[in-house]
Number of protein chains: 2
Amino acid sequence: MSEEVKITTTEAKILESAKKVFYLRGLKGARMEEIAKEANINTALLHYYFRTKEKLYLKIFDDAISNFKVQILELANQDMQFEEKVKHFVEKYISLLLENSYLPIFIINELNQNPDRIIEILNVGDELRETLLLRQFNEEILKGNIRPVNFFHFLLNLLSLCVFPFISKPIFKSLFNLSEEQFTSLILERKNIIPDIILKWLKN
Amino acid sequence: MSEEVKITTTEAKILESAKKVFYLRGLKGARMEEIAKEANINTALLHYYFRTKEKLYLKIFDDAISNFKVQILELANQDMQFEEKVKHFVEKYISLLLENSYLPIFIINELNQNPDRIIEILNVGDELRETLLLRQFNEEILKGNIRPVNFFHFLLNLLSLCVFPFISKPIFKSLFNLSEEQFTSLILERKNIIPDIILKWLKN
DNA sequence: GTCTATAAAGGGATAGAC
DNA sequence: GTCTATCCCTTTATAGAC
């Protein structure tokens, strides 16, 4: 029992370090030695736990995707009115991104480098079709509360406005000469701005 | 003279190949051999022209950035009314991205991997402050034609809506089960949608 | 300028002791 | 489980002939 605790602890430590390094440097940029060092072990032990770099990377990627997936679907399925839900979605999503600011670049890189690994996202596609958000969206259109725009554009706009700032952070920080704190507080302003934009656009 | 033409031709060919490979695979993912093969030469000749992989990469990155910079500033300095300019900007920018769809990911990756190399963008910062677009933006606010929002958010929203679709293309293609053609035609729809969103948001 | 051959470095992976 | 030492393949870079 105490032995197993120790195993789990080391494994957890490796995963934490691997996550940090892979998020930051990507598959090709990451060094097994850096991961090991970060976890205060050596590369031999890394291979003992995960055999290969590729396997370790896949574990990190799978975790990231399924985590992402769960949280998105949870937000999309909240029991709320449409407008309220858009606001809630943005609020929670930006908070999530603030805690995991490297995640978007990591996922985007992986999926552009290796589009075949996208199968796991495809599953979300099916679940998305049955999501409460989509149903509500269509109902609002039928009721004439919002304009009949394509759900594709709705979702894409919503995510663009939420995610892109994190991806382009270095550019905008330098363009507008912002400190880390200033940038974060501007991001927080977006919790109100984004729903405003989206809802104004959807209203007649 | 004829000698110099030959040099330039090989060099140009190398740069073209390097661009293709670096855009696609990034600094760490790119192989000098792949670049050489793509240019129908061998790696020795690559090194003859550019000494190291790093130097070749930097050349490609610099070109990309200054190209990007020129085009953005040119668009921002067009002699047009504000509303018209927003529409024109989106129209041209999306066309530009359709022709260079790998560019955003390349730049974003580089700048997140190596934020110190951002100095070249900083120059744009200064020029941006004197840009016609910013002046017009402030005038429109003073005239009461648009709401007094932060120019940071205006620019960020505009770029988010234009650029993010290209970055998240694999995700949305799979999420909505789209062919290449379907995706492109949805992108083209955005030439009208984005100015609509931005202008509706800015109007009282 | 361009090539072939090869050196040198880098980094993932394993053997074997503890 | 964990470490040290080391292997070995991949990839960058150079030497030297043409």
Side-chain angles (χ1 to χ4, degrees), chain A residues 1-64 106 109-110 113-114 117, chain B residues 1-63 106 109-110 112-114 117:
Chain A
M1 187 64 183
S2 78
E3 199 189 347
E4 200 186 316
V5 167
K6 207 176 175 191
I7 292 172
T8 317
T9 301
T10 301
E11 192 171 326
K13 199 158 194 174
I14 291 176
L15 286 174
E16 191 191 353
S17 309
K19 186 174 152 182
K20 199 182 288 185
V21 176
F22 279 132
Y23 276 26
L24 204 61
R25 308 204 189 284
L27 172 57
K28 295 296 173 64
R31 294 290 152 253
M32 292 298 267
E33 210 192 327
E34 188 179 357
I35 295 172
K37 208 177 169 186
E38 182 83 30
N40 293 313
I41 56 168
N42 53 57
T43 62
L45 200 52
L46 263 189
H47 284 93
Y48 172 79
Y49 275 97
F50 293 95
R51 299 257 331 135
T52 69
K53 183 186 182 182
E54 181 87 2
K55 280 188 171 54
L56 176 55
Y57 178 78
L58 274 182
K59 179 86 178 75
I60 300 296
F61 180 68
D62 285 353
D63 287 356
F106 175 71
N109 257 320
E110 170 59 28
Q113 217 57 236
N114 234 321
R117 274 184 201 152
Chain B
M1 187 63 183
S2 78
E3 200 188 345
E4 199 184 317
V5 167
K6 206 175 176 193
I7 291 173
T8 317
T9 301
T10 302
E11 193 171 327
K13 198 157 194 175
I14 291 176
L15 286 173
E16 192 193 351
S17 308
K19 186 173 152 183
K20 198 182 289 185
V21 176
F22 280 132
Y23 276 26
L24 204 62
R25 309 205 189 283
L27 172 57
K28 295 299 172 65
R31 293 291 153 249
M32 292 298 266
E33 209 193 329
E34 187 179 358
I35 295 172
K37 206 176 169 186
E38 182 85 30
N40 293 312
I41 55 168
N42 53 55
T43 62
L45 200 53
L46 262 189
H47 284 94
Y48 172 79
Y49 276 96
F50 293 95
R51 297 254 334 130
T52 68
K53 181 186 182 183
E54 180 89 359
K55 280 188 171 53
L56 176 54
Y57 178 78
L58 273 182
K59 179 85 177 79
I60 300 296
F61 180 68
D62 286 354
D63 288 356
F106 175 72
N109 255 321
E110 170 58 28
N112 279 281
Q113 216 59 233
N114 234 322
R117 275 183 200 152

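Residue numbering restarts at 1 for every chain, and letters A, B, ... go by the order of the sequence lines.
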query = Picking from B:Thr10, B:Ile60, B:Ile35, what satisfies side chain to side chain contact (heavy atoms under 4.5 Å, CB included) with B:Leu15?
reply = B:Ile60
request  = Take the protein atom CG of B:Leu45 and the nucleotide atom C1' of C:dA5, then report the distance between them rounded to whole Å.
outcome  = 16 Å
message = How many whole angstroms separate atom CZ of A:Phe22 from atom C1' of C:dG12?
response = 11 Å
inquiry  = In whole Å, I'd like the distance from the CD1 atom of B:Ile14 to the C1' atom of C:dT2.
reply    = 11 Å
request  = With rounding to the nearest 0.5 Å, note down the distance linking CG in A:Asn114 to CG in A:Leu58.
outcome  = 8.5 Å
inquiry  = In this structure, how many angstroms lie between the C1' atom of C:dT4 and the CG atom of B:Leu46, rounded?
reply    = 15 Å
key: Sugar-phosphate or base contact per nucleotide [nucleotides 4-18 of chain D; S, B, -; heavy atom under 4.0 Å]   = B------SSBBB---
query = Which whole-number value in Å describes the distance from A:Phe50 CZ to D:dT2 P?
reply = 12 Å
key: Value in whole Å for how far the P atom of C:dG12 lies from CD of A:Glu34   = 11 Å
Donor-acceptor pairs are to be reported for all side-chain atoms of residues 26-33 of chain A against protein atoms at under 3.5 Å, with residues two or more places apart or in another chain.
from    : atom 1 : to      : atom 2 : distance (Å)
A:Arg31 : NH1    : A:Lys28 : O      : 3.3
A:Arg31 : NH2    : A:Lys28 : O      : 3.3

query = So which heavy atom on A:Phe50 is nearest to which on A:Lys59, and how close?
reply = CE2-CG, 4.4 Å
key: Separation between NZ of B:Lys19 and CZ of B:Phe106, rounded to the nearest 0.5 Å   = 10.0 Å
task = Quick one: list whatever passes side chain to side chain donor-acceptor pair (under 3.5 Å) with A:Glu38, sequence neighbours left out.
result = A:Lys20
